[in-house]
Amino acid sequence: MNNFNYLLEDLSKLKGVGKKTAEILKKKNINNIFDLLWRLPQSFIDRSKKSKINDLQIGKIHTLKVLVKKYSFPRIRNLPNKVICEDSTGKIDCVFFNSYESYIKKILPLNENVTISGKINYFNSKYQITNPTYVSKDSSLIQKIHTKYSLTEGLTQKTYNKIIDQTLKNLPVFFEWHDKEIMKNFNNISWTDSIHKLHDPKNIGNYNSDFYRRLAFDEIFASFLISSEIR
């Protein structure tokens with residue numbers, strides 16, 4: 001397949017994008033992989049720093065590594081399921097609404113260390129995380145800076161970031177279409193590297209950078225070519 005054709009692939013080619021998710025994305029005028037690349041990050045959440053339970057701040061987002069100690073699955077309808085976890089400094093409850101016991105046991109296995117991240121609450125003299133945003137035994141999947149995008153209803157940041165991450169990971173390396181003299185103006189940065197930097201949360205609003213100026217030049221250059229063809 002031609003590398004350029006990859007950019008025009010239907011969204012259904014991406015892992016985790018079914019019919020429902022594809023329809024939600026199309027409401028944002030995201031119809032193919034190329035469209036995904038031009039939805040720019042708006043902000044980010046830093047989950048890279050690991051906290052201890054005794055250092056938690058109510059209302060703040062924290063990432064912590066805990067030992068799963070006990071399940072509490074009430075048989076009374078509408079009551080949430082709860083998993084009691086701890087570290088060397090204290091205890092915290094992971095509270096789940098509308099989650100099955102089997103799912104909770106899978107992501108939070110007893111007597112195992114798990115990394116969790118979410119907003120901290122305080123109830124009945126205990127710290128709580130209600131429906132943790134991230135839960136994994138692989139801390140590297142959580143302890144990083146998570147980019148935030150402008151989304152439509154029905155699509156979470158977690159899901160969208162997975163889609164963007166795999167798109168960037170599989171982005172082909174294209175041959176360079178500008179000559180060397182033009183490329184000197186952008187410090188010789190390639191189109192593919194420019195796209196990666198565009199989605200790096202550290203570069204939000206960095207409009208004077210080489211990568212941003214190169215992408216802007218490509219857009220203007222493409223418009224001139226199209227106008228020339230029309231004439």
Side-chain angles (χ1 to χ4, degrees), residues 1-17 21-22 24-49 61 63 134 138-152 155-231:
M1 181 178 65
N2 184 302
N3 280 348
F4 291 106
N5 288 339
Y6 169 80
L7 298 178
L8 301 178
E9 284 282 310
D10 189 80
L11 296 171
S12 61
K13 298 292 183 179
L14 297 171
K15 184 180 179 181
V17 179
T21 301
I24 292 173
L25 289 169
K26 286 176 181 179
K27 290 180 181 179
K28 282 281 190 179
N29 293 320
I30 301 174
N31 299 297
N32 51 43
I33 291 175
F34 186 77
D35 291 338
L36 272 174
L37 299 176
W38 297 108
R39 305 298 300 189
L40 305 188
Q42 304 296 308
S43 60
F44 63 87
I45 296 176
D46 188 353
R47 300 182 190 270
S48 61
K49 297 177 181 178
I61 292 173
T63 301
Y134 290 93
D138 184 356
S139 61
S140 66
L141 298 177
I142 302 175
Q143 286 185 250
K144 59 183 182 179
I145 295 175
H146 295 255
T147 311
K148 293 185 69 175
Y149 295 83
S150 175
L151 302 179
T152 189
L155 193 63
T156 66
Q157 290 288 344
K158 184 177 179 180
T159 299
Y160 192 81
N161 278 336
K162 284 183 178 180
I163 295 171
I164 283 290
D165 287 348
Q166 68 168 301
T167 301
L168 294 173
K169 182 179 179 180
N170 296 322
L171 198 62
V173 176
F174 299 101
F175 67 87
E176 185 51 64
W177 46 83
H178 295 307
D179 64 35
K180 293 181 180 179
E181 289 304 311
I182 290 177
M183 289 300 294
K184 287 179 181 179
N185 295 307
F186 314 116
N187 202 25
N188 297 307
I189 188 167
S190 69
W191 185 87
T192 301
D193 287 342
S194 296
I195 291 295
H196 279 280
K197 288 183 177 294
L198 188 67
H199 288 269
D200 187 330
K202 296 192 297 290
N203 292 324
I204 293 174
N206 192 6
Y207 303 124
N208 293 320
S209 59
D210 292 327
F211 76 86
Y212 198 93
R213 292 189 302 110
R214 188 254 153 87
L215 293 173
F217 180 83
D218 279 345
E219 289 296 297
I220 296 170
F221 184 62
S223 296
F224 276 122
L225 290 178
I226 293 171
S227 297
S228 178
E229 285 293 318
I230 292 173
R231 286 199 297 270

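For reference, positions follow the sequence shown, starting with 1.
- Within the 4.5 Å cutoff, the side chain of Phe224 has heavy atoms near those of the Ile220 side chain.
- The aromatic rings of Trp191 and Phe34 lie parallel to each other, their planes meeting at an angle below 30°, with 60° marking the opposite boundary.
- Counting only heavy atoms from C-beta outward, the side chains of Leu14 and Leu36 approach each other to under 4.5 Å.
- Looking only at distances, no side-chain donor or acceptor of Ser190 sits under 3.5 Å from a matching main-chain atom of Glu176.
- Heavy atoms from other residues, nucleotides or ligands lying under 6.0 Å from OH of Tyr134 number more than 12.
- Closest of all the heavy-atom pairs between Tyr149 and Gln42 is C-CG, 4.2 Å.
- Scanning all heavy atoms of the two residues, the minimum distance from Gln143 to Ser48 falls at NE2-O, 3.2 Å.
- In this structure, Gln157 CD and Ser150 OG are separated by 8.5 Å, a value rounded to the nearest 0.5 Å.
- The distance from the CG atom of Asn32 to the OH atom of Tyr6 is 11.0 Å, given to the nearest 0.5 Å.
- Rounded to the nearest 0.5 Å, atoms CZ (Phe211) and CG (Asp193) are 11.5 Å apart.
- The 12-atom threshold is exceeded at NZ of Lys144, counting heavy atoms of other residues, nucleotides or ligands nearer than 6.0 Å.
- At distances below 3.5 Å, at least one donor-acceptor pair connects side-chain atoms of Asn161 with backbone N or O atoms of Thr147.
- Distance check: Leu155 CG to Ile24 CD1 gives 5.5 Å after rounding to the nearest 0.5 Å.
- Taking CD1 of Ile164 as the start and CG of Leu37 as the end, the distance is 6.5 Å to the nearest 0.5 Å.
- Counting non-hydrogen atoms of other residues, nucleotides and ligands closer than 6.0 Å to NZ of Lys158 gives a total above 12.
- The closest side-chain heavy-atom distance from Trp177 to Asp218 is below 4.5 Å.
- Here the closest heavy-atom approach between residue Gln166 and residue Lys15 is recorded as NE2-O, 2.6 Å.
- The two residues Lys26 and Asp10 come nearest to each other via the heavy atoms NZ-OD1, 4.2 Å.
- With a 6.0 Å radius and a threshold of 12 heavy atoms from other residues, nucleotides or ligands, Phe217 has its CZ atom above the threshold.
- When all heavy atoms of Ile145 and Pro201 are compared, the closest pair comes out as CG2-CG, 3.5 Å.
- In this structure, the side chains of Ile195 and Leu215 come closer than 4.5 Å at one or more pairs of heavy atoms.
- A heavy-atom distance below 4.5 Å is found between the side chains of Thr21 and Ile163.
- In plain terms, the two heavy atoms of Arg214 and Ile189 that are nearest each other are NH1-O, 3.0 Å.
- Around atom NZ of Lys28, more than 12 heavy atoms belonging to other residues, nucleotides or ligands sit under 6.0 Å away.
- In this structure, Asp138 places its CG atom where more than 12 heavy-atom neighbours from other residues, nucleotides or ligands lie under 6.0 Å away.
- Panel note: side chain Asp179, backbone Ile182; a donor-acceptor pair is recorded below 3.5 Å.
- In this structure, the separation between CD1 on Ile30 and CZ on Arg39 is 5.0 Å, given to the nearest 0.5 Å.
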